Amino acid sequence: MSLIIASQLDADFNRGLGQHPIAPILIDVADDEPWAAASEADLLLIRPSPAWRQPTVVRPPVWPGRLKWVYSASAGIDFYPEWLLDAPLVTCGRGVASDEIADYVIAAIYAYAKNLEAVTARSRAEWINVPLGRVSGTTIGVVGLGAIGQSVARRGLALGAQVVGLRRSGAQSSISGVEHVRDIETLVARSDHIVIAVPATAETQHLFNDDLLRKVKPGAHIINVARGSVIDQEALVRALDGESGPGFATLDVTDPEPLPDGHPLYTHPRVRLTPHISSNHTLVRHRLLEKVRDDISRFVRGEAPSDIVDPARGY
C-alpha cells in the first residue's frame, strides 16, 4: 500500500518519515495554506502555525477532500479551526513531550521552594542565613491526569511529596499513591503547588477565575503548562496582588501568545513567564517521528492509530 502524505513539518522530519517501509509519497505543504493538500493527500500532517489562526480562514470548499486522516503534531487541537475535526480521522501527538514538560514542572517547583537566585551571595554582606523551602512533605495538586499530569505525579511521589489529582472522567489513576479528590475546589485549597495540565475546551475556559483563585491555599504556587485560556489572567494578577491569595505563578503559556508589550505578567514580581518552551520540542521531535511512523504502520494494517481525537470532547 502506498500512502500520500502532505506534511507541514520541516524537511529533516519529512526525510525521516520518508524512510518508512511503505515508501510514502511526501508532499511539502505550503505554510500559508496547509489545508490545500486535502485534494491530493491521504494523510495531512500539521503543526500549529499562524496560518490556522488567520481570521480570514474559512472552511475550504474541498474539505476534507480525499483525506482519510489528519495528524496534529501537537497534543492540543484548540489551535485549529473547528472544521478540521470534520476529517474522517484526527489524531494528535499526545504524550511525546510529557516527560520534558513534567521535568519543567519539577524545576519550577524547586525554583520556587529553594529560591536559589534570591539567596545567592555576591558579597560578604550577603553572607547571611536564609531559610529555604522544601518539596518533600508538600502537596502537589495536578489538575488533569493525562500523559503530562501522570508524568508530574510520578516525579512528585518520587520526591516525597503528596500528590492529589483530579481528572475529568472521575476515573482513578493507575499510579499508586495518587489521592483523587472530588472537585477542583478541594484540590486548590489543599495544594502547595497547583499544576494545570488540562486541554483547552469550552469547559476549561477561564477555569481559574476570581472565584476559584479565592479558594487557593494562601501562598500556593500555580504552574500552567496547559493553555493560557485556562486562567483568567486579569483575575490572576488581582489574586497575586492580594494578601491571602497565591504566592507565585509559573506560566509557560498565556493568552494570547506572545502577550502584548507592557502586559503586567511580564514584570509582576510574583510571576515567572516562559515563552511556551516546556515541551523542549527540538529534543523530543524524534519521539514524534517514532510515534507518527508507528501510527502509519498501524493505519496501513487496518488498525486504529493512537490518540484519536474525540470531536465531542475537543481533545
Side-chain angles (χ1 to χ4, degrees), residues 99-143 148-149 151-165 177 179 187-197 208 210 212-226 228 231-254 258-259 261-280 283:
D99 285 339
E100 292 297 322
I101 296 174
D103 284 347
Y104 170 100
V105 168
I106 298 303
I109 288 173
Y110 269 103
Y112 180 60
K114 300 302 181 181
N115 201 10
L116 295 183
E117 180 63 27
V119 301
T120 298
R122 293 182 174 83
S123 68
R124 182 170 179 173
E126 294 178 346
W127 195 271
I128 55 177
N129 191 335
V130 178
L132 302 178
R134 61 198 304 260
V135 175
S136 177
T138 62
T139 298
I140 299 174
V142 183
V143 184
I148 295 169
S151 292
V152 171
R154 292 188 189 95
R155 285 160 172 76
L157 291 169
L159 297 174
Q162 181 182 13
V163 177
V164 297
E179 178 189 349
L187 185 146
V188 301
R190 289 181 52 185
S191 301
D192 300 292
H193 302 276
I194 301 165
V195 182
I196 304 173
F208 280 73
D210 282 299
L212 185 60
L213 288 165
R214 279 192 290 268
K215 298 171 183 175
V216 167
K217 183 177 181 178
H221 175 203
I222 296 173
I223 307 167
N224 190 6
V225 289
I231 296 179
D232 180 337
Q233 292 170 166
E234 293 182 1
L236 177 63
V237 171
R238 288 191 291 269
L240 290 168
D241 287 340
E243 295 182 359
S244 60
F248 199 80
T250 297
L251 308 175
D252 188 48
V253 288
T254 59
L259 292 172
D261 284 333
H263 195 283
L265 289 177
Y266 280 125
T267 55
H268 199 288
R270 292 184 175 181
V271 173
R272 178 181 294 106
L273 189 62
T274 57
H276 205 153
I277 46 82
S278 62
S279 65
N280 208 351
L283 184 65

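Keep in mind it's a predicted model, so treat the numbers as computed, not measured.
Taking His221 as the reference, His193, Thr250 meet the side chain to side chain donor-acceptor pair (under 3.5 Å) condition, with sequence neighbours excluded. Scored by the side chain to side chain donor-acceptor pair (under 3.5 Å) test, Glu179 finds Gln162, Arg190 as partners (sequence neighbours excluded). With sequence neighbours left out, the side chain to side chain contact (heavy atoms under 4.5 Å, CB included) criterion links Asp210 to Arg214, Ala235, Arg238. Remark: Arg134 engages no residue in a salt bridge (Lys or Arg N to Asp or Glu O under 4.0 Å) (not counting sequence neighbours). Residues satisfying the salt bridge (Lys or Arg N to Asp or Glu O under 4.0 Å) criterion with Glu117, sequence neighbours excluded, are Arg122.
For Asp192 and Thr138, the side-chain atoms include no donor-acceptor pair closer than 3.5 Å.
A distance of 9.0 Å separates OG1 in Thr120 from CD in Glu126, rounded to the nearest 0.5 Å. Taking CG of Leu132 as the start and CG of Asn115 as the end, the distance is 8.5 Å to the nearest 0.5 Å.
Counting only distance, with no hydrogens or angles, the side chain of Asn280 and the backbone of Glu100 share no donor-acceptor pair below 3.5 Å. Counting only distance, with no hydrogens or angles, the side chain of Lys217 and the backbone of Pro246 share no donor-acceptor pair below 3.5 Å.
The nearest pair of heavy atoms linking Gly177 to Leu157 is O-CD2, 3.7 Å. Across all non-hydrogen atoms, the minimal contact from Ile194 to Ala220 is CD1-CB, 4.3 Å. Closest of all the heavy-atom pairs between Pro269 and Phe248 is O-CE1, 3.9 Å. Taking all atoms of both residues into account, the shortest heavy-atom contact from Ile128 to Ala125 is CG2-O, 3.9 Å. Contact detail for Ser191 and Val164: the closest heavy-atom pair is OG-CG2, 3.7 Å. Nearest heavy atoms, Val271 versus Leu265: CG1-O, 3.6 Å.
Partner of Ile196 under the side-chain contact (heavy atoms from CB on, under 4.5 Å) criterion, chosen from Val142, Val225, Ile231, Ile148: Ile231.
The shortest side-chain heavy-atom distance between Val152 and Ile223 does not fall under the 4.5 Å cut-off. Within the 4.5 Å cutoff, side-chain heavy atoms of Leu273 are placed close to those of Leu259.
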Inset, instruction - Go through Asn224 and Phe208 one step at a time and tell me if the side chain to side chain contact (heavy atoms under 4.5 Å, CB included) criterion holds. - result: CA-CA 11 Å; Asn224 190 6; Phe208 280 73; over 6 Å; no

Residues 101-113 side chain polar contacts: donor-acceptor under 3.5 Å, at least two apart:
{"residue": "Asp103", "atom": "OD1", "partner": "Arg155", "partner atom": "NE", "Å": "2.7"}
{"residue": "Asp103", "atom": "OD1", "partner": "Arg155", "partner atom": "NH2", "Å": "3.3"}
{"residue": "Tyr104", "atom": "OH", "partner": "Thr274", "partner atom": "OG1", "Å": "2.6"}
{"residue": "Tyr112", "atom": "OH", "partner": "Gly219", "partner atom": "O", "Å": "2.9"}

